[in-house]
J.: 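Below: one structure in structure tokens.
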Amino acid sequence: MCTGWCEERCTSICGGRRRGKGVDLYAWLWVMLLFSSVWGQASPQCPNSCQCAWDTATVLCSDAGLREIPEGIPLETVSLHLEHNYIRSIPESAFSDLVHLRDLYLSHNRIDSLSSGALRNLSPELRLLDLSHNQLRQANREEFGSTRAKTRLYHNPWHCNCSLQELMETLNLEPETVNGIICESSVRGVGEGTRWEDPGSHGEHAGQSMVKLLDSGVNFCSLQRKTTDVAMLVTMFVWFFMVIVYVVYYVRQNQAEARRHLEYLKSLPSPRKTPTETDTLSTGF
């Protein structure tokens with residue numbers, strides 16, 4: 001049978017054990033919370049409306065109703081699918097942080113403009129760039145930079161001009177789809193069209209394949225240079241004509257002023273000698 005001191009001792013020991021178990025439980029919960037927070041920061045997050053396959057580093061944002069490039073794309077992304085959305089433009093350096101990107105799908109959107117340098121900083125590892133089935137009308141080499149990826153540009157309402165010609169000569173276009181780059185409109189050459197031509201017409205080469213036009217010898221850059229030369233000649237002629245008109249006006253104005261001044265001088269009374277002056281002259285002789 002336990003005395004009062006024994007009962008007190010037993011109670012203190014049991015309470016200490018319970019408190020020790022409580023401390024261990026709290027410590028374990030803190031460790032688990034810290035581990036989960038660190039793991040959440042270290043592990044990549046998938047953008048909203050997208051699905052991510054971490055084993056293949058693929059981000060699937062297809063047919064997600066997107067109207068702009070999503071934020072928070074994992075830096076380890078290798079294949080990015082953004083096709084079948086409502087994206088209208090690509091901002092500058094939109095993919096510059098994706099240094100491992102190899103496949104970029106942007107087809108079946110509403111892209112009608114590319115910001116300056118939008119695709120200039122793409123990964124050198126990029127193998128495929130798909131911009132087909134969009135609303136692109138104009139583009140130039142500066143917007144694509146030095147990418148050597150296989151590029152798809154077909155099914156866009158292209159305006160065929162010198163910039164598009166230079167772009168096609170620079171890019172590594174996919175051979176299977178290059179004939180699908182069709183001119184919806186084209187730049188006019190010197191003497192093309194008449195004053196009675198329909199203003200809504202799209203040019204001589206509308207509806208034709210850009211590649212076939214270039215193969216047939218059409219050079220949009222030479223047409224542009226000729227047009228520029230004619231414009232410069234017309235501008236020089238207009239300036240020369242204006243200078244001649246000003247000189248003629250200036251000369252005639254001065255002649256009129258000279259005639260009026262001469263007539264004014266003639267209208268002045270001639271000076272006459274006074275009697276005092278005559279007497280002085282006589283005394284002198």
Side-chain angles (χ1 to χ4, degrees), residues 28-136 139-156 167-168 170-178 180-181:
W28 175 252
L29 290 176
W30 275 108
V31 169
M32 290 298 295
L33 181 61
L34 179 62
F35 179 78
S36 62
S37 63
V38 172
W39 175 259
Q41 293 178 358
S43 60
Q45 299 293 324
C46 195
N48 295 331
S49 304
C50 301
Q51 298 178 357
C52 298
W54 304 117
D55 54 338
T56 59
T58 300
V59 178
L60 299 172
C61 304
S62 306
D63 200 12
L66 298 176
R67 298 186 179 275
E68 57 185 12
I69 305 298
E71 298 181 356
I73 300 174
L75 302 181
E76 297 80 9
T77 301
V78 172
S79 181
L80 178 58
H81 291 259
L82 293 166
E83 63 267 36
H84 293 280
N85 283 292
Y86 304 100
I87 300 173
R88 290 187 175 274
S89 63
I90 300 178
E92 189 171 355
S93 303
F95 310 105
S96 59
D97 295 333
L98 306 179
V99 296
H100 302 292
L101 190 62
R102 302 186 69 181
D103 302 308
L104 179 56
Y105 298 90
L106 290 163
S107 63
H108 293 89
N109 276 283
R110 299 178 180 179
I111 300 173
D112 55 10
S113 63
L114 301 172
S115 299
S116 178
L119 304 172
R120 187 183 305 168
N121 298 317
L122 289 173
S123 168
E125 300 181 11
L126 192 71
R127 299 176 305 179
L128 177 63
L129 174 59
D130 191 355
L131 284 166
S132 61
H133 294 275
N134 277 287
Q135 300 298 320
L136 290 171
N140 55 61
R141 292 179 296 183
E142 288 73 18
E143 294 168 347
F144 285 80
S146 58
T147 180
R148 299 306 303 161
K150 186 178 294 184
T151 307
R152 298 171 182 169
L153 295 176
Y154 66 99
H155 280 293
N156 279 282
L167 177 63
M168 293 181 63
T170 303
L171 292 178
N172 179 24
L173 297 173
E174 187 179 54
E176 296 83 2
T177 61
V178 68
I181 302 177

J.: Would one find more than 12 heavy atoms of other residues, nucleotides or ligands at under 6.0 Å from atom CG of N48?
T.: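 Incorrect, the count does not exceed 12.
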
J.: How long is the gap from OG on S132 to CG on L153, to the nearest 0.5 Å?
T.: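 If we round to the nearest 0.5 Å, S132:OG and L153:CG are 8.5 Å apart.
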
J.: In Å, rounded to the nearest 0.5 Å, how long is the span from CD1 of I90 to CG of L119?
T.: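 CG of L119 is found 5.0 Å from CD1 of I90.
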
J.: Within this structure, what is the CG-CG distance for the pair D130 and D103, rounded to the nearest 0.5 Å?
T.: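 Rounded to the nearest 0.5 Å, the CG-CG separation comes out at 10.0 Å.
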
J.: So does N134 get a backbone contact from the side chain of N109, meaning a donor-acceptor N/O pair under 3.5 Å?
T.: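 No, N109 side chain to N134 backbone: no donor-acceptor pair under 3.5 Å.
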
J.: Rounded to the nearest 0.5 Å, how far apart are OG of S107 and NE2 of H84?
T.: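 One gets 5.5 Å once the value is rounded to the nearest 0.5 Å.
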
J.: Taking all non-hydrogen atoms of both residues into account, name the closest pair between T147 and L126 and its distance.
T.: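 Answer, listing the atom of T147 first, then L126: OG1-CD2, 4.2 Å.
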
J.: For a quick test of reading the model, state the closest non-hydrogen atom pair linking P74 to P47 and the distance between them.
T.: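 Nearest heavy atoms, P74 then P47: CD-CD, 4.0 Å.
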
J.: Can you tell me if CD on E142 sees more than 12 non-hydrogen neighbours from other groups inside 6.0 Å?
T.: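 Count over threshold, so yes.
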
J.: Could you go through W54 and C46, starting from their C-alpha distance and side-chain angles, then the distance that decides it, and tell me whether this counts as side chain to side chain contact (heavy atoms under 4.5 Å, CB included)?
T.: CA-CA 10 Å; W54 304 117; C46 195; 4.3 Å; yes

J.: Any side-chain heavy atom of L129 sitting closer than 4.5 Å to one from F144?
T.: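 They are in contact (side-chain heavy atoms under 4.5 Å apart), so the answer is yes.
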
J.: With a 6.0 Å cut-off (strictly less than), is the heavy-atom count around CD of E176, excluding the residue itself, greater than 12?
T.: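 More than 12 within 6.0 Å, yes.
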
J.: Looking at every heavy atom in both R152 and L128, which two are closest together, and how far apart are they?
T.: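 Smallest interatomic distance, heavy atoms only, reads NE-CD1, 3.8 Å.
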
J.: I'd like to know whether T151 forms a side chain to side chain contact (heavy atoms under 4.5 Å, CB included) with L173, so could you lay out the CA-CA distance, the side-chain angles of the two residues, the decisive distance to 0.1 Å, and finally the verdict.
T.: CA-CA 5 Å; T151 307; L173 297 173; 4.3 Å; yes

J.: Which value, rounded to the nearest 0.5 Å, describes the distance between R120 atom CZ and S93 atom OG?
T.: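 So the CZ of R120 and the OG of S93 are separated by 8.0 Å.
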
J.: From the options D97, L80, L101, select the one residue that forms a side-chain contact (heavy atoms from CB on, under 4.5 Å) with I73.
T.: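 Single pass found, and it is L80.
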
J.: If you take all heavy atoms of N140 and L167, which pair is closest and at what distance?
T.: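 Distance-wise, the nearest heavy atoms are O-CD1, 3.8 Å.
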
J.: Report yes if some heavy atom in the side chain of L75 is under 4.5 Å from a heavy atom in the side chain of V99; otherwise report no.
T.: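 Not touching, per the 4.5 Å side-chain cut-off.
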
J.: Is there side-chain contact between L82 and P70, with heavy atoms separated by less than 4.5 Å?
T.: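 In contact.
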
J.: Classify the ring geometry between H108 and H133 as parallel (under 30°), tilted (30 to 60°) or perpendicular (over 60°).
T.: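 Parallel.
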
J.: Measure across S79 and T77 and return the closest heavy-atom pair with its distance rounded to 0.1 Å.
T.: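 What the structure gives for the nearest pair is O-CG2, 3.5 Å.
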
J.: Would you mind writing out the side-chain donor-acceptor pairs for residues 58-69 within the sub-3.5 Å range, not counting sequence neighbours?
T.:
residue	atom	partner	partner atom	Å
T58	OG1	T56	O	3.4
T58	OG1	T56	OG1	3.0
S62	OG	E83	OE1	3.4
S62	OG	E83	OE2	3.4

J.: So, taking the atom named CD in E92 and the one named CD in E143, what distance separates them when rounded to the nearest 0.5 Å?
T.: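 Nearest 0.5 Å value for the CD-CD distance: 10.5 Å.
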
